[in-house]
Amino acid sequence: MGKQTSVMDARGEPIPTSAVLMAASKHIATRCREENRAFILCKKKDPNPEKCLDKGQQVTRCVLSLLKKLHEKCPQEMDAYASCMYYHTNEFEFCRKEQQKFESACPLSE
């Protein structure tokens, strides 16, 4: 597999690539559930995109904050899992070993 890269930029901010978002998807679904739910309900209620911008920003803030926390807690495991997902075009079945290590280091329950 290719060179492992960090999911963080030089300033320490998360880079939310598709591989990073896929690797953190279980955590996002669990920890940003309420923000996502509010956004979806808003979109169902009003198809005008402007009406839900604030809810979308809340989802974005939640995800970026979560990515930062996950990377602080288990940087090597997160980087390895995201790198594997990138290399294998987001195909989970090729990254089960990295997924298991990431989820052990950063359990969903925390």
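- Shown here is E50, whose CD atom has no more than 12 heavy atoms of other residues, nucleotides or ligands within 6.0 Å.
- Between M78 and C106, the closest side-chain pair of non-hydrogen atoms is not below 4.5 Å.
- In the hydrophobic clustering of this structure, L66 groups with I40; members are Ile, Leu, Val, Met, Phe, Trp, Tyr whose side-chain heavy atoms approach within less than 4.5 Å, directly or through other members.
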**Request:** Mind running side chain to side chain contact (heavy atoms under 4.5 Å, CB included) on I15 and V20 for me, showing each step along the way?
**Result:** CA-CA 8 Å; I15 305 168; V20 170; 5.7 Å; no
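- Minimum heavy-atom separation, R33 to A29: CB-O, 3.4 Å.
- Pairing each heavy atom of A82 with each of A19, the nearest pair is O-CB, 3.5 Å.
- Interatomic distance, K44 NZ to F39 CZ, rounded to the nearest 0.5 Å: 12.0 Å.
- For the atom pair NZ of K43 and NZ of K55, the computed distance is 13.0 Å after rounding to the nearest 0.5 Å.
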**Message:** Applying side chain to side chain contact (heavy atoms under 4.5 Å, CB included) to F92 and S25, what does each step give before you reach the verdict?
**Reply:** CA-CA 11 Å; F92 286 106; S25 62; 4.0 Å; yes
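- Q58 and R61 are not linked by any side-chain donor-acceptor pair at a separation below 3.5 angstrom, with hydrogens and angles left out of the test.
- If you take OG on S83 and NE2 on H88, they are separated by 10.5 Å, rounding to the nearest 0.5 Å.
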**Message:** Pair C95, E91 - check side chain to side chain contact (heavy atoms under 4.5 Å, CB included), show working.
**Reply:** CA-CA 7 Å; C95 301; E91 295 289 336; over 6 Å; no
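- Just one of Q99, E103, E98, K97 meets the side chain to side chain contact (heavy atoms under 4.5 Å, CB included) condition when paired with K101; it is K97.
- In this structure, E35 and T60 have side chains that are not in contact, with every pair of non-hydrogen atoms separated by 4.5 Å or more.
- Put simply, the side chain of V59 does not reach to within 4.5 Å of the side chain of C32, judged on heavy atoms.
- With F102 as reference, H27 is the one residue of K26, Q76, H27 to meet the side chain to side chain contact (heavy atoms under 4.5 Å, CB included) rule.
- If you take CG on L108 and CD1 on I28, they are separated by 11.5 Å, rounding to the nearest 0.5 Å.
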**Message:** Would L21 and L67 count as a side chain to side chain contact (heavy atoms under 4.5 Å, CB included) here? Give the steps.
**Reply:** CA-CA 9 Å; L21 294 171; L67 292 176; 4.3 Å; yes
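- Side-chain contact between P107 and K73: present, with at least one pair of heavy atoms (C-beta onward) separated by less than 4.5 Å.
- One hydrophobic cluster, built from ILVMFWY side chains closer than 4.5 Å, cannot hold both Y86 and M22; they sit in different ones.
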